[in-house]
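Just below is one structure, and these are the notes that go with it.
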There are 2 protein chains.
Amino acid sequence: MSTGLVSLAFKDPARVSAVRRARILDAADRLGYRPNFVARSLAADGSSFIGILLSDLHNPLFAEIADAARQEFDAHGSYALIASATKARPEGRAPENPEEGGQAGSGASARGPGGLRVPGATGGADRIADEQVIAMFRDLRPRGVLVIGTIADTALLSGLPSATPVVYASAVSPEGSAHPSVRADDDAGMALLFDHLTGRGHQRIAFVGGAGGEVSRLRLEAYLAQAEARGMPALVARADFSEQSGYRAGAELAGLDPRPTAVIAVNDLAGIGVQAAAEQAGLRLPADLAVAAFDNTYLAGLHRISLTTIDPRNAEVGRRAASRLLLALDPDGARHAGLPRDGARNASAPGAGDSDALRDVSSPIGESRGAASAPRSARFGGAHAVASPGTEDVLVRPELIVRDSA
Amino acid sequence: MSTGLVSLAFKDPARVSAVRRARILDAADRLGYRPNFVARSLAADGSSFIGILLSDLHNPLFAEIADAARQEFDAHGSYALIASATKARPEGRAPENPEEGGQAGSGASARGPGGLRVPGATGGADRIADEQVIAMFRDLRPRGVLVIGTIADTALLSGLPSATPVVYASAVSPEGSAHPSVRADDDAGMALLFDHLTGRGHQRIAFVGGAGGEVSRLRLEAYLAQAEARGMPALVARADFSEQSGYRAGAELAGLDPRPTAVIAVNDLAGIGVQAAAEQAGLRLPADLAVAAFDNTYLAGLHRISLTTIDPRNAEVGRRAASRLLLALDPDGARHAGLPRDGARNASAPGAGDSDALRDVSSPIGESRGAASAPRSARFGGAHAVASPGTEDVLVRPELIVRDSA
DNA sequence: CTGTTAGCGCTTTCAA
DNA sequence: TTGAAAGCGCTAACAG
């Protein structure tokens with residue numbers, strides 16, 4: 001039998017006679033034969049998988065998103081590879097990662113502030129250590145790429161065949177990017193928090209955050225907007241995503257004379273820092289100071305923490321980002337091959353309430369981002385090289401989780 | 001110019017005349033040419049990179065190990081790719097992951113207890129969703145593989161060319177595996193904890209843990225051994241790695257009549273659960289109950305937690321595992337090509353005290369594991385197919401971090 | 001339906 | 001040193 005036939009038998013079994021197919025498949029696994037992924041991706045141009053690129057291994061939020069996305073892909077018969085890149089941080093910039101900032105100081109970590117960089121062996125300048133990973137990733141030619149978090153060097157992705165659809169999750173897409181991003185709606189989250197706190201009578205609500213990265217900055221803006229819209233005084237203590245930082249900010253706030261009665265922290269970790277500072281200052285929680293935050297990491301749910309927080313619904317973000325990508329890959333909708341779609345779906349996501357998963361979307365941001373202002377007509381632009389269905393960002397409506405802290 | 005020459009110019013510039021080389025390199029980057037990773041790995045058999053396989057994206061310990069390993073690889077001019085596999089858990093088994101168990105319950109997670117599995121499109125049985133990732137990984141033919149955490153399906157790795165060295169980090173290598181593993185020495189950690197607690201006068205020290213996985217079981221055994229060796233009573237409240245679980249165990253312990261004065265928890269999260277239960281029961285911490293744990297995650301360092309714990313020195317584990325692999329790849333030691341090794345080393349790990357990094361190793365476990373009893377002679381067995389330098393497990397001596405809780 | 005023929009983009013002999 | 005030629009393991013047109 002010819003090799004071509006064997007190839008067919010694996011790729012499109014239906015087009016091979018039953019006898020042959022049986023013989024091939026049988027012989028294959030008797031010999032332990034498995035088609036070689038690499039050769040395949042070289043020969044066909046473009047592989048059959050969807051790549052997931054994780055920008056930061058340390059961020060647990062990203063892991064959740066990746067899991068959800070992967071489920072979605074699997075449910076649709078697509079494959080996903082996860083490669084990870086360590087985020088290369090500009091020197092001296094605090095990590096966006098809620099975890100790292102709070103590392104216990106006594107560990108044996110030798111990591112410098114600049115992240116993982118190595119002196120270039122080839123070029124002169126430093127390069128991101130994971131450039132290799134990205135290169136490899138690119139050469140594998142994924143059908144589409146889901147980027148989770150912010151990838152430092154946008155140029156790396158540009159090596160992809162230009163028709164490859166890219167979707168960003170949980171990050172604003174880079175400057176002038178035509179790729180959509182899917183993320184939680186921090187403005188909505190902030191509004192939820194204000195509603196809740198004012199509902200409990202708070203009139204002096206402070207914000208802890210604003211530093212450490214884009215997300216922090218956007219949340220600060222959202223805070224200021226809410227405060228103004230409600231005619232409330234704005235009070236900001238600068239902090240990044242770390243507990244330490246929140247602690248310092250909290251101490252500052254606790255010492256103020258007309259003390260705020262509530263604090264909204266940029267993330268759980270900072271919020272915990274605020275709580276710690278408040279306790280230290282002799283305040284009772286939540287009576288003297290209510291604390292709320294963003295992210296709903298598992299930290300917030302610990303008995304001893306019990307922090308009211310905004311759940312960004314990472315699973316939903318991941319799922320939504322994945323669907324978006326799938327749509328771009330197959331704009332016609334669906335029925336093309338393979339396994340019973342619905343069955344697979346139900347099996348892998350039993351109680352998720354999938355049916356209305358697409359309803360709770362806020363309107364696209366519109367003016368707030370360059371990328372978002374791409375012409376809507378591109379949506380159905382079959383004539384374009386990339387028939388990507390829309391480049392508008394998608395905002396997922398977050399959820400308020402009320403706990404003891406506020 | 002022939003394509004062959006170009007190839008040479010990239011791989012071994014010295015063997016190409018200066019003129020040609022210049023012209024090639026110049027033209028290359030003017031045209032934006034970059035050698036294709038995939039084609040290269042197909043043509044040459046075996047790529048130039050070392051693969052890092054992460055078993056669980058959610059475990060922050062693993063991320064730390066991966067980072068450290070990557071640094072080590074980079075310092076030696078090798079490349080590393082990280083692919084991730086979601087650990088496929090036997091149905092109903094609690095996660096080994098310290099994080100997941102403690103997830104706040106209100107999120108939108110739709111993940112079933114069985115982890116990410118999809119109904120097989122090809123075969124009949126369920127398969128791990130990430131089988132594809134592993135297949136791809138394998139087909140890329142890494143020079144060596146570092147597995148971080150426990151990979152469920154060992155068979156997956158077996159598809160590698162049999163001479164590929166494999167090292168496990170932070171996991172016991174699978175049954176009968178000939179591959180060495182590098183991990184923290186839990187026995188030593190337990191001894192450290194007992195020394196500390198008895199030094200503070202504690203005589204009734206309980207253990208919370210034992211369930212949820214291999215690591216938990218081993219720590220329980222270590223506890224029992226210490227208690228016996230010191231002629232102290234053993235008191236165990238079963239728990240897995242979650243805070244909930246620790247909370248329940250703590251409540252149980254708090255209600256006992258001759259109450260323990262100290263508790264050692266299987267990990268930070270469980271320890272925090274114990275603290276919460278104790279507080280709830282009206283005990284003062286640490287006066288009425290001292291709590292200590294394992295892992296030194298950033299949790300332990302939070303102001304409001306301040307947990308005395310054992311630092312597994314993940315960075316060291318990662319570094320050590322990486323060296324081990326490098327050694328297996330190049331048993332002769334070092335001088336083979338490329339960049340000034342020492343310079344690179346120093347640059348990327350400034351204050352790490354590298355020089356004595358190899359001194360603090362406990363003796364190999366010996367009898368405790370099958371794999372560890374491989375004949376020492378294999379060490380220099382140049383005649384063997386795999387001249388792997390030693391298959392003994394390496395245990396890293398952990399460190400005690402004393403905080404307020406004990 | 002099946003076999004044949006070209007490559008995918010590179011690395012490697014092997015001569016020149 | 002350089003060029004030419006033969007693949008790596010597969011897929012993608014074709015023709016039979």
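In the text below, chain A, chain B and the rest are named by the order of the sequence lines, each starting its count at 1.
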**OP:** Pull out every residue in residues 11-33 of chain B that has a heavy atom closer than 4.0 Å to any atom of DNA chain C, ordered by number, or say none.
**Re:** B/Lys11, B/Tyr33

**OP:** Taking the side chain as every heavy atom from C-beta outward, state whether A/Ile50 and A/Leu326 have any atom pair closer than 4.5 Å.
**Re:** yes

Original post:
Is the shortest heavy-atom distance from the side chain of A/Leu140 to the side chain of B/Phe37 under 4.5 Å?
Top reply: no

**OP:** Could you check B/Ser2 against B/Ala44 and say which one's nearest nucleotide on DNA chain D is further toward the 5' end?
**Re:** B/Ser2

Subject >> First and last nucleotide of DNA chain C, 5' to 3', lying under 4.0 Å from heavy atoms of chain A >> reply: C/dC1 to C/dG9

Original post:
Taking side chain as C-beta onward, heavy atoms only, is B/His179 less than 4.5 Å from B/Val167?
Top reply: no

Original post:
Hey, what do you get for CG (B/Leu5) to CD1 (B/Ile24), rounding to the nearest 0.5 Å?
Top reply: 5.0 Å

Original post:
Can you tell if the side chain of A/Phe62 reaches within under 4.5 Å of the side chain of A/Ser55, non-hydrogen atoms only?
Top reply: yes

Original post:
Does DNA chain C take part in any stems of at least 3 consecutive Watson-Crick or G-U pairs (both distances under 3.5 Å), and if so, which ones?
Top reply: C:1-4 with D:13-16, C:6-16 with D:1-11

Original post:
Is any side-chain heavy atom of A/Phe137 closer than 4.5 Å to a side-chain heavy atom of A/Val145?
Top reply: yes

Original post:
Side-chain contact, heavy-atom cut-off 4.5 Å: A/Leu54 with B/Leu57?
Top reply: yes

**OP:** Decide, yes or no, whether a salt bridge links A/Asp67 with A/Arg70 under the criterion of side-chain N to carboxylate O below 4.0 Å.
**Re:** yes

Original post:
Closer to the 5' end of DNA chain C via nearest nucleotide, is it B/Leu8 or B/Leu42?
Top reply: B/Leu42

**OP:** Report yes if the side chains of B/Arg141 and B/Asp45 come closer than 4.5 Å at any heavy-atom pair, otherwise no.
**Re:** yes

**OP:** Measure from CG on B/Leu140 to C1' on D/dC8 and round the result to the nearest Å.
**Re:** 14 Å

Original post:
Taking atom C1' of D/dG9 as reference, at what distance in whole Å does atom CG of B/Asp45 sit?
Top reply: 12 Å

Original post:
Do the non-hydrogen side-chain atoms of A/Arg34 and B/Arg138 ever get within less than 4.5 Å of each other?
Top reply: yes

